[in-house]
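Throughout, a chain's letter reflects where its sequence line sits, starting with A, and its residues are numbered from 1.
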Amino acid sequence: MRIHHLCDMSSHPPARVRFAPSPTGYLHVGGARTALFNWLYVRRFGGQFLLRIEDTDKVRSTDESTRAIFDGLEWLGLDWDEPVVYQGANLERHRADVKQLLDAGLAYRDFTPQSVLEERRSAAQARGEIYKYKREWAEIPLHEEEQRLERGDPYVVRFRVPDEHGVTEWDDLVHKRIAFPNKDVDDFVILRSDRTPIYNFAVVSDDVAMGVTLVMRGDDHISNTPKQIMLYRALGRDLPRFAHLPMIHGLDGKKLSKRHGATAVGDYQHEGLLPQAMLNFLALLGWSPGGDREVMTLAEMVELFSPEGLQRKAAIFDPKKLEWMNGQHMSMMPLTELEPVVTRAIIAAGLATGEELVARHDWYLQLVDLLRVRARVVDDIVRQAAPYFVDQITYDPEAVAKQWKDGPATLEILGSARDALAAVTSWDATTLEAELRGLAERHGIGGGKLFQPLRVALTGLTVSPGIFDVLVMQGQDRAVARLERAIDYLNNRNNG
RNA sequence: GGCGCUAUCGUCUAGGGGACCAGGACGGGGCCCUCUCAAGGCCCAAACACGGGUUCGAAUCCCGUUAGCGCUACCA
């Protein structure tokens, strides 16, 4: 038992991990989650979190995408510990590593033209057979190879898969043991005829060079892993540990893509989501701290993280829960942390300038505090905040139709309210409540019958914080002015 | 087709042979609170894919079946 315990402790040593996206689009939520788990591992157990941009596909890679990856990671707060590695800069080492295998006889040149390979493959498919590469070039006579080399015949380099009766296996941190019979893996290409390395080779060469000791990535790479393990061994290098994370799917169970809505981390950033909420939500897609724990700060996730909680099953991305999560974080985070995010949105919406907000800082913080509990995204706060900033509110037609239905009666009650409010000498919630409830009683109506029309007059809307809070936040002058205007509006309507 | 991975409420998940006629959360429905909307509280509906084993006992271990996904490229 005690030994068991010790094993558990030592099974999560510090590690060098990496996140290795290709810069061919934006930062995808799936990628962000992979980055998060790598980052969490290192912050929890020690080590370094590295970033490698796999830009070997020069056609599809763009600087803009690279920028988007940095921006997304920075927004989320997933910082990397060493300078970014660009795979494209390592071409010479990739070639040198291929050369090493060639010299050792662990790889060989294949002079079969690409077109011939393609023909064979499609012919096999047409016959309903499985195409399998035949090792026809594995043992060519030296003189023939030299001859062709001299002639400048194009060739690819293939890895000579060893021990065809053997099995390549590893203990995956999330799947336990996974094994592949060697006979099921073809002699795969490691260097193209244009002398650029194939993905599986570049990854191994780079991971070795970067000293990566734990490879944590999507489980779509499980089938690549035996190839990579063979490459490590052929190169005479120690194996890293592997952890294969489940995929993220859309609501329809299919792989997450653009048609499922926003899949870029940047989209959520611009929609007014909090990075903490995004991180929390993503963490729960494929990981659980055990028990019923759900809402967590990043620091708490670091504390709780363990590969044991990693899930094997693909998860479906549910935007509803993400929104809920964001609401939770908005309500629970320190007001001073939420404030800058809201301020940016308020300024962007043109409701106020930064100077104005600074000038009434306490008032402003109180307003944000009042609004955040009924918001799910930052924009909800902005929308609700308008009546406290603009001079002229607009009346929501539905609110008018519903709460100001009876013109004369509304006029009467709002008139009394205006008089009462104009006369109030102590503008605080307690006084206002006593005043308005008394007024309702004198008119022989329930509070709601007064508060609802009043709400429309003050905000133009049917929903708002409690009416006394609204009054306090607007101040006496503005509140009374709004009532005057509502009364004018109703008079005009009745006459017209 | 071959190989591999996976399989608990609609969704995210807890569960590690007896504490499970399966717990929490989102979403849905209802009630409470209440001046509205949220938030919050309480309640309801809702799952161990199927079939065989192993075992005194299986959501949990094993084997099949089915389904989904991945790899099977001179893509990454």
Practice item. May I ask you to check whether A:Tyr395 and A:Trp404 place their ring centres under 6.0 Å from each other? Key: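 Yes, the ring of A:Trp404 comes within the 6.0 Å limit of the ring of A:Tyr395, centre to centre.
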
Check your understanding: Which base sits across from B:G10 as a Watson-Crick or G-U pair, both distances under 3.5 Å?
Key -> B:C26

Exercise for review: Determine which nucleotide pairs with B:U34, using a 3.5 Å limit on both distances of a Watson-Crick or G-U wobble pair.
Suggested key: none

Just to confirm, is there a sub-4.0 Å distance from OP1 or OP2 of [N] to any side-chain nitrogen or oxygen of [X]?
{"X": "A:Lys183", "N": "B:C3", "value": "no"}
{"X": "A:Gln311", "N": "B:A7", "value": "no"}
{"X": "A:Arg192", "N": "B:A76", "value": "yes"}
{"X": "A:Arg376", "N": "B:G27", "value": "yes"}
{"X": "A:Arg121", "N": "B:U72", "value": "no"}
{"X": "A:Gln328", "N": "B:G40", "value": "yes"}
{"X": "A:Arg293", "N": "B:G24", "value": "no"}

Review point. Would you say the side-chain atoms of A:Asn224 and A:His221 include a donor-acceptor pair closer than 3.5 Å?
Key: yes

Practice item. Please step through ring pair (Phe, Tyr, Trp, His ring centres under 6.0 Å) for the pair A:Tyr108 and A:Phe159, ending with a clear verdict. Key: CA-CA 7 Å; A:Tyr108 58 90; A:Phe159 180 67; 9.2 Å; no

